Amino acid sequence: AAKAKGRDSFALFEPTLDTAARQRRETELQLREAMERGQLLLHYQPILALGTDTITGYEALVRWQHPERGLLYPSEFVAIAEASGLIVPLGEWIIHQALVESASWPEHLRIGINLSPTQVGSPRLVKTIAESLAISGIAPGRVDFEITEHVVLEGSEANRSTLYKLRELGASISLDDFGTGYSSLNYLRNFPFDRIKIDRDFVTGIVSSRESQAIVKTICRLADALGMATVAEGVEEAEQLEMLRRIGCSEAQGYLIGKPASEPLAAAQSRPDASGHTNHSAP
Ligand code: C2E
Ligand code: MG
Ligand code: MG
Ligand code: MG
């Protein structure tokens with residue numbers, strides 16, 4: 001029976017696998033051209049400082065306006081780009097575009113840029129960033145690079161020195177999605193983080209779950225003691241924002257504050273918020 005079942009599932013599964021592999025390959029080929037054809041774009045999501053109730057910056061999130069498939073999100077192409085090495089040229093485009101666009105924003109606004117493990121591992125990264133900083137003319141202190149725990153895990157010594165070089169350029173570093181990977185407190189001691197972004201998983205349950213609440217509280221205390229700021233990700237409800245204020249989290253991000261949008265400043269200005277204000281952002 002096992003054998004028959006094995007044969008059956010083989011027969012059923014094989015063509016599917018093949019289709020998936022072909023789709024990945026096709027996406028990869030199209031992605032190579034997407035940059036030249038101007039199909040990639042950035043959306044920006046606001047980050048709210050809880051102390052002053054003002055927008056302090058935006059995170060750049062890449063999108064692909066695919067000619068047949070419509071607007072694609074990172075989940076549909078970033079992993080493919082990462083696996084094929086395409087993430088390096090794609091990442092260079094993202095960095096350049098984000099710095100050039102944000103250079104014309106009001107000067108108090110920060111720009112957050114995600115860096116994948118392969119990007120951080122690329123020997124070109126620091127030079128690319130230095131060049132884009134110079135071309136855009138943006139003050140490096142306004143630039144924040146978001147990396148995940150994978151960057152810390154993979155090739156840690158080289159990656160650590162790359163992060164220090166980015167800091168020497170004047171940029172800050174955030175640890176993204178904290179708590180979901182192989183979090184080790186050792187990272188917080190050995191890597192130069194300015195900010196910890198607390199993953200949405202913990203923020204979602206912050207009102208209803210004592211455990212989530214305890215974890216968020218503890219991360220905020222720890223970050224505070226280490227001289228790092230905290231950003232709560234994925235805030236969708238006013239009660240969550242209230243709880244984060246009470247806990248003493250530094251900043252928050254999520255659909256409640258603002259969804260990622262191509263015109264960040266306009267979107268933030270017209271958005272009514274939970275506390276009754278109509279305008280979080282100064283511009
Ligand atoms: P991330 O850096 O943790 O970004 C946050 C993700 O959560 C974004 O998804 C954002 O749209 C979404 N999000 C924000 N607020 C909420 C909320 O309140 N509720 C819910 N349900 N979701 C929320 P997105 O844009 O699909 O990006 C997914 C991931 O793809 C990012 O996670 C990041 O790891 C990666 N990524 C995005 N842009 C880039 C990029 O330019 N370069 C690289 N290397 N990776 C990127
Ligand atoms: Mg991020
Ligand atoms: Mg994140
Ligand atoms: Mg996340």
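Keep in mind the model is a prediction, meaning the values are calculated, not measured. Read the numbers this way: they start at 1 and go in the same order the structure lists the ligands and their atoms.
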Exercise. For the side chain of Thr230 and the backbone of Ser250, is there at least one donor-acceptor N/O pair under 3.5 Å apart?
Worked result: yes
Exercise. What atoms in ligand 1 come closer than 4.0 Å to a heavy atom of Gln119?
Worked result: 44 (N)
Exercise. Does the distance from a Lys or Arg side-chain N to an Asp or Glu carboxylate O, for Glu28 and Arg24, drop under 4.0 Å?
Worked result: no
Exercise. Would you call Glu233 a ligand 1 contact, heavy-atom distance under 4.0 Å?
Worked result: yes
For this session: Give a yes or no on whether His66 atom NE2 has more than 12 heavy-atom contacts from other residues, nucleotides or ligands under 6.0 Å away.
Result: yes
For this session: State whether a side-chain donor-acceptor pair under 3.5 Å links Glu101 with Tyr44.
Result: yes
Problem set entry | Polar side-chain atom of Asp194 near backbone of Ser172 as donor-acceptor pair, under 3.5 Å | no
Exercise. Do any nitrogen or oxygen atoms of Tyr73 come within less than 3.5 Å of a nitrogen or oxygen of ligand 1?
Worked result: no
Exercise. Is there side-chain contact between Leu166 and Val143, with heavy atoms separated by less than 4.5 Å?
Worked result: no
For this session: Give the numbers and elements of all ligand 1 atoms closer than 4.0 Å to a heavy atom of Val235.
Result: 18 (O)
For this session: State whether the shortest distance between N or O atoms of Gln253 and N or O atoms of ligand 1 falls below 3.5 angstrom.
Result: no
Exercise. Which is it for Ile94 and ligand 1 at heavy atoms under 4.0 Å: side chain, backbone, both or neither?
Worked result: side chain
Exercise. Hey, does Pro260 sit under 4.0 Å from ligand 1 if you only count heavy atoms?
Worked result: yes
Exercise. Would you call Glu131-Arg124 a salt bridge at under 4.0 Å N-O?
Worked result: no
For this session: For Asp144 and Ser174, test the side chains for any donor-to-acceptor distance below 3.5 angstrom and give the result as yes or no.
Result: yes
Exercise. Is there a donor-acceptor pair closer than 3.5 Å between any side-chain N or O of Ser122 and the backbone N or O of Thr118?
Worked result: no
Seminar exercise, completed: So the atoms of ligand 1 within less than 4.0 Å of a heavy atom of Gln45 turn out to be 14 (C), 15 (N)
Exercise. Any non-hydrogen atom of Ser75 lying under 4.0 Å from ligand 1?
Worked result: no
Exercise. Mind checking whether Val62 has an N or O less than 3.5 Å away from an N or O of ligand 1?
Worked result: yes
For this session: Before accepting this row, confirm whether a basic side-chain N of the pair Glu146/Lys197 lies closer than 4.0 Å to the acidic partner's carboxylate O.
Result: yes
For this session: Heavy-atom contacts with Glu236 under 4.0 Å: which atoms of ligand 1 show up? List them by number with element.
Result: 17 (C), 18 (O), 19 (N), 20 (C), 21 (N)
Exercise. For ligand 1, which atoms have a heavy atom of Asp177 less than 4.0 angstrom away?
Worked result: 3 (O)
For this session: With heavy atoms of Ser116 as the reference, note each atom of ligand 1 found under 4.0 Å away.
Result: 44 (N)
Problem set entry | Per-atom contacts, ligand 1 versus Arg63 - under 4.0 Å to a heavy atom | 11 (O), 24 (P), 25 (O)
Problem set entry | Residue-ligand contact Arg200/ligand 1, heavy atom below 4.0 Å | yes
For this session: Report, in ascending order of atom number, the atoms of ligand 1 lying under 4.0 Å from any heavy atom of Gly234.
Result: 16 (C), 17 (C), 18 (O)
For this session: Inspect the contact between Arg195 and Asp176 and indicate whether a charged nitrogen and a carboxylate oxygen are less than 4.0 angstrom apart.
Result: no
Exercise. Is the Trp105 to Tyr58 ring centre distance short of 6.0 Å?
Worked result: yes
Seminar exercise, completed: In short, Ile113 meets Ile95 closest at the heavy-atom pair CG2-CG1, 4.1 Å
Exercise. Do Gln97 and Glu92 come close enough that some side-chain heavy atom pair is under 4.5 Å?
Worked result: no
Exercise. Closer than 2.8 Å to the Mg ion (ligand 2), which protein N, O or S atoms?
Worked result: Glu59 OE2, Asn114 OD1, Glu146 OE1, Asp176 OD2
Problem set entry | Proximity flag Lys197 to ligand 1, non-hydrogen atoms under 4.0 Å | no
